[in-house]
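The block underneath contains the structure these notes are about, expressed in structure tokens.
A note on names: the letters A, B, ... follow the listed sequences, proteins ahead of strands, and every chain is numbered from 1. On a predicted model such as this, the values are computed, not experimentally measured, just so you know.
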Amino acid sequence: MRSRTTKQKLTQALVFLILMVLALSFLYPIFYMGINSFKTKIEYRKGNFAMPQSLDFTNYNLLIRNFKILDAFGNTFIIAIFSVLISLIIAIFASYAFAKLKFRGRMFVYLFIISTMFIPAQVTMIPLYYLMSDVHLNNTLTSVIITYVATSLPGTILLMTTSFSGISDEMIEAATIDGAGYFKVVRKIVIPMGMAAIAINIIFNFLGASNDLFTPMILIQKMEKRTVMVALASLMNSRGGDPPYQLAGLTFSALPPLIVYIVFSKFIVKGITVGSIK
Amino acid sequence: MVKSYPSRLKRRMARQGWLSVIPALLFILAVRGYPLIFGFIKSFTDWTGIGAGNNVGLNNYIHILTGSEFWTLLRNTLIFLTFIPIQLIIGLLVAVLLYEEVWGWKFFRVVFYIPQIISALVIGYLFSIFFGYNGPINKILTEIGLGALKTEWLGNTASAVAIIIFCLVWINIGWQAMLGLGGLASVSPSVFEAAEIDGASFWKRFFFVTLPMLGRTIEYSCVISVIWVFTGIFPYIFSMTKGGPGYDTTTIDYMIYLQSFGSVSNPGYASALAMILLVIVLTFTVIQMRVSNKANDWGD
């Protein structure tokens, strides 16, 4: 009996060790990126693995002053906030209708909207680029916002409609009998009851919009309008001789999503197990 | 229970319903529907982005299927697909361990999902730095006396493909584990307990009890991963190999980008390529819908 518990303990320790190695494979690159971003070129060449000699913010200063990375962050932030909010508002009303209002053609419109989720972005991007030029929206943050709203709507509506369907009809009816109109029902019942789905959509659409390269790279050419990801691509292409500078850029752009994740990790993990979004 | 509403209410409901969905519908028609039709029409032309282009019939399609690198691109994608079984085995093993609540499982669960949160571009560039000629991997090799193996890892076909596959597995372990956890949660724990009492070893239980119980999760993640390889790995290719060496790591979606916004401007031709990609993806989507219809009783 005793030998068995020792064996079990050994197995447990081994499992823990394996998982820890796996965890380190995810954490170490981030750590590597962080420590080396404080080094000079020469210090980096001497040793990639050592801690930096001092907490030298030169690379970050250069990124901010010369590379204007904060402007890029501003653009990304504007795009992410507006695309998330617009998509959210449109999706709340649409999902409420799909979940709770009976009307002819409801199922057809619902399936049509959801099915556009499977059209790859690459397929519509070429025509979209010329379309945006035709309506003089090329090189604007607006063009990217509009695109993100359209691409995030199907997934958002899918999750929210599922969530809103769980709200009891009696509750809505009771409110209607009490004289609540359409907007009051949405505001007082649908939004509070669907808060979990709404929140998870906000987080994921926000991350999606700020991490995307393809759409802004195609739709925006102007330097001063570029997003963090587009700026990062140009930094990586042009500064190959200066890895610490590049690593500072990478660290800078990885920080916001990481912070969002750390703050909301409990919530996000729960949301993925239910929604499993990709 | 079928409810009947008075017709006045019904009409109001219908009006409210349509008004609620029209903004969503308009956005999608304008930004996804119209460009799709526009691209379809242009795929039959030699359009260069200026003017309207001449009608060339099926020439673009014929050229893609007979006289271009298309089959190389498709071959590349098929090779990348080998990441899926590896991801499944590792991801589901991790899921089982997390499910059994090994020491530190909550911490592991959060950490393993990190690659899904950080931008694909950042991850791709980190890989390109790690496997670069002066990068840490070569430094370690030199230090442990294997300096002879030092190479431009992403510069030759075999190692570049291997590293991309490794990268795809690595970023998806957490995703697969989460999906597996969701699947495991819907299986009655008594099934696993029974197998354990029967004295089956861990591996026997994993392959003969757990995996079959997770059949639907496995089907679902396979199809989603296939679609993802066709449409979602652009930023990784862009940051790691730029499709090289030659076209050896170029995928269809990367070629669409090269043909329309890269060194050449052939949006007509690229549109035809885009339509072919769409057909491939839709085929897998139909399979996926069959799968998820079957899986409707998953519960959550």
Checklist entry - So, the side chain of A:Q122 versus the backbone of B:Y257: is there a donor-acceptor pair under 3.5 Å, distance only? => result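 Answer holds: no.
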Let me know if [X] has heavy atoms under 4.5 Å from chain B in its side chain, its backbone, both or neither.
X: A:I126; result: both
X: A:Y129; result: side chain
X: A:L128; result: both
X: A:I157; result: side chain
X: A:I146; result: both
X: A:R106; result: neither
X: A:M217; result: side chain
X: A:S25; result: both
X: A:A233; result: both

Rounded to the nearest 0.5 Å, how far does [atom2] of [Y] lie from [atom1] of [X]?
X: A:I30; Y: B:I118; atom1: CD1; atom2: CD1; value: 4.0 Å
X: A:I268; Y: B:Q116; atom1: CD1; atom2: CD; value: 12.0 Å
X: A:T151; Y: B:I28; atom1: OG1; atom2: CD1; value: 9.0 Å
X: B:S119; Y: A:D212; atom1: OG; atom2: CG; value: 8.5 Å
X: A:L213; Y: B:S239; atom1: CG; atom2: OG; value: 8.5 Å
X: A:F214; Y: B:L121; atom1: CZ; atom2: CG; value: 13.0 Å

Item to check | B:S20 and A:Y182: CA distance, side-chain angles, deciding distance, side-chain hydrogen bond (donor to acceptor under 3.5 Å, both in side chains) verdict | outcome: CA-CA 10 Å; B:S20 312; A:Y182 172 88; 2.6 Å; yes
Any side-chain heavy-atom pair from [X] and [Y] closer than 4.5 angstrom?
X: A:I113; Y: B:R32; result: no
X: A:M33; Y: B:L126; result: yes
X: B:D253; Y: A:P120; result: no
X: B:L29; Y: A:F112; result: yes
X: B:V21; Y: A:F103; result: yes
X: B:I129; Y: A:M236; result: yes
X: A:L27; Y: B:I114; result: yes

Item to check | A:V109 and B:L25: CA distance, side-chain angles, deciding distance, side chain to side chain contact (heavy atoms under 4.5 Å, CB included) verdict | outcome: CA-CA 8 Å; A:V109 179; B:L25 200 54; 3.8 Å; yes
Next on the checklist: Test of understanding: with ring-ring contact (aromatic ring centres under 6.0 Å, His included), list the residues that count as partners of A:Y32, not counting sequence neighbours.
Outcome noted: B:F130
Checklist entry - For B:F112, what residues pass the ring-ring contact (aromatic ring centres under 6.0 Å, His included) criterion, not counting sequence neighbours? => result A:F26, B:F108
Chain A contact via [X] - side chain, backbone, both or neither, heavy atoms under 4.5 Å:
X: B:L36; answer: both
X: B:R12; answer: side chain
X: B:F107; answer: side chain
X: B:F127; answer: neither
X: B:A30; answer: backbone
X: B:I252; answer: neither
X: B:S271; answer: both
X: B:S265; answer: side chain
X: B:V281; answer: side chain
X: B:V122; answer: both
X: B:K106; answer: neither

Item to check | Heavy-atom closest pair, residues B:A274 and A:V123 | outcome: O-CG2, 3.4 Å
Item to check | Contacts with chain B made by residues 258-266 of chain A (heavy-atom distance under 4.5 Å), listed by residue number | outcome: A:L258, A:Y261, A:S265
Item to check | Proximity of A:F118 and B:F284 rings by center, below 6.0 Å | outcome: no
Item to check | Distance flag, aromatic centroids of B:W105 and A:F16, threshold under 6.0 Å | outcome: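 Centroid distance A:F16-B:W105: not below 6.0 Å, so no.
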Checklist entry - Which pairs pass salt bridge (charged side-chain N to carboxylate O under 4.0 Å, His left out) with one or both residues in residues 242-259 of chain A, sequence neighbours excluded? => result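 Every salt bridge (charged side-chain N to carboxylate O under 4.0 Å, His left out) pair that includes a residue of residues 242-259 of chain A, provided the two are not neighbours, is A:R239-A:D242.
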